[in-house]
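This report concerns only the one structure given below.
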Amino acid sequence: MGLPPTSPRKKVTLNTLQSMYKKGEKITMITAHDFPSAHVAEHAGMDMILVGDSLAMVALGMEDTSEVLVEEMLLHCRSVARATSRAFTVGDLPMGSYEISPQQALSTAIRFIKEGRVSAVKLEGGAEMAPTIRAITTAGIPVLAHIGLTPQRQNALGGFRVQGKSKESAKRLLRDALAVQEAGAFAVVVEAVPQEVAAFITGLLKIPTIGIGAGNGTSGQVLVQADMTGNFPPGRFLPKFVKKYGDVWGEALRAIETYRDEVKGGSYPAEEHTYPMAKEEVEAFVGDVRRLMNANASAKAEGEGEKDARVML
């Protein structure tokens, strides 16, 4: 587990997030898909940690987010939950687990709270998902809504395209935002939207907006951890809104290559990486084994057959 965070803080709750929103304090959110990525996000002081369905691609090697299953998401939610004691955790409901009916969505959401051990769930969609959001929140489960570019619906949207670029589409976004707020969502992710539209919508809402590719006029920001830490090989496509804050891939590659070279060259493990044994114990051990081996060789030469060294020891 390692040392606890250097600056302990109180657990982030819905009240904490609402207080930050009212004070105008930006809310920080990042994705995590396993214990290590959640552990570092927790130590870094993230307000919110999202177990996003982006793990389908960055952790499971899938083609897109539509492939990931509820059971896979729950496994990763539990892993993340074990590393977080202060951040507010949210689990992403995967495609196919909530769209059929509000009852289906509520059933899935309950599993995420009980089995996934997260504090809230996230689902994609605007006004059309308002009845679903209302059903889940009425049952006492917090919901983070998601409007704008909704990756699970990329096929219907014509791919990963910026939303709200025209007057009419911007109006639809506003209607979606107001609808999910009215349905009881505690906050809403706004993805791939012109910053002017996102800022205007933020100003009209009474709940926080979490932007991703929506400018700095939102109440907070979220990024995929693997993207912003640079934990991917060279040449991988990154959306325009991603800022690369590190080079985890490069550092890991350097470390593993150095390990390979030192093993092949014989410089690892060095003396400091081995466990000591008293010299007299080593000599006694080697001496005993050699005597037994010599006795075994003599017995064989005299026709008594080869004895089992394990019995002799």
Q | Greater than 12 external heavy atoms within 6.0 Å of Arg78's CZ | A | yes
Q. Could you walk me through whether Met20 and Asp47 pass the side-chain contact (heavy atoms from CB on, under 4.5 Å) check?
A. CA-CA 10 Å; Met20 293 172 64; Asp47 299 314; 3.2 Å; yes
Q.
Within this structure, what is the CE-CG distance for the pair Met129 and Leu93, rounded to the nearest 0.5 Å?
A. 8.5 Å
Q.
Distance alone, cut at 3.5 Å: any donor-acceptor contact between the side chains of Thr202 and Thr209?
A. yes
Q) Counting only heavy atoms not in Glu63, do more than 12 fall under 6.0 Å of its CD? A) no
Q: May I ask you to decide if the ring planes of Phe35 and His39 are parallel, tilted or perpendicular, using 30° and 60° as cut-offs?
A: tilted
Q) Going by atom types only, do Asn15 and Thr13 share a side-chain donor-acceptor pair under 3.5 Å? A) no
Q) Should we count CG of Asn216 as having more than 12 external heavy atoms under 6.0 Å? A) no
Q: State whether the number of non-hydrogen atoms from other residues, nucleotides or ligands found under 6.0 Å of Phe241 atom CZ is greater than 12.
A: yes
(Q) Please report the interatomic distance CG(Leu17) to CD1(Ile207), rounded to the nearest 0.5 Å. (A) 11.5 Å
Q: Name the orientation class of the two ring planes belonging to Tyr268 and His273 (parallel below 30°, tilted from 30 to 60°, perpendicular beyond 60°).
A: tilted
Q) More than 12 non-hydrogen atoms from neighbouring residues, nucleotides or ligands closer than 6.0 Å to NZ on Lys11, yes or no? A) yes
Q.
Going by salt bridge (Lys or Arg N to Asp or Glu O under 4.0 Å), Asp227 matches just one of Arg236, Lys243, Lys244. Which one?
A. Arg236
Q. Just how far is it from atom CD of Glu71 to atom CD of Glu115, taken to the nearest 0.5 Å?
A. 8.5 Å
Q.
How close do Asp176 and Glu128 get, counting heavy atoms only, and between which atoms?
A. OD1-OE1, 4.4 Å
(Q) Under 3.5 Å, is there a donor on one side chain and an acceptor on the other for Asp34 and Ser79? (A) no
Q | Atom CD of Glu271: over 12 foreign heavy atoms under 6.0 Å | A | no
(Q) Taking the ring centre of each residue, are Phe88 and Phe186 less than 6.0 Å apart? (A) yes
**Q.** Between Ser19 and Thr16, a side-chain donor and acceptor under 3.5 Å
**A.** no
(Q) Using the rule given for salt bridge (charged side-chain N to carboxylate O under 4.0 Å, His left out), can you reason through Glu257 versus Arg254, listing the C-alpha separation, both sets of side-chain angles and the distance that settles it, and then say yes or no? (A) CA-CA 5 Å; Glu257 287 178 339; Arg254 181 205 62 77; over 6 Å; no
**Q.** Ser54 OG to Asp92 CG distance, which is reported to the nearest 0.5 Å
**A.** 7.5 Å
(Q) More than 12 heavy atoms of other residues, nucleotides or ligands under 6.0 Å from CD of Glu262: yes or no? (A) yes
**Q.** Donor on one side chain, acceptor on other, Gln221 and Thr28, under 3.5 Å
**A.** no
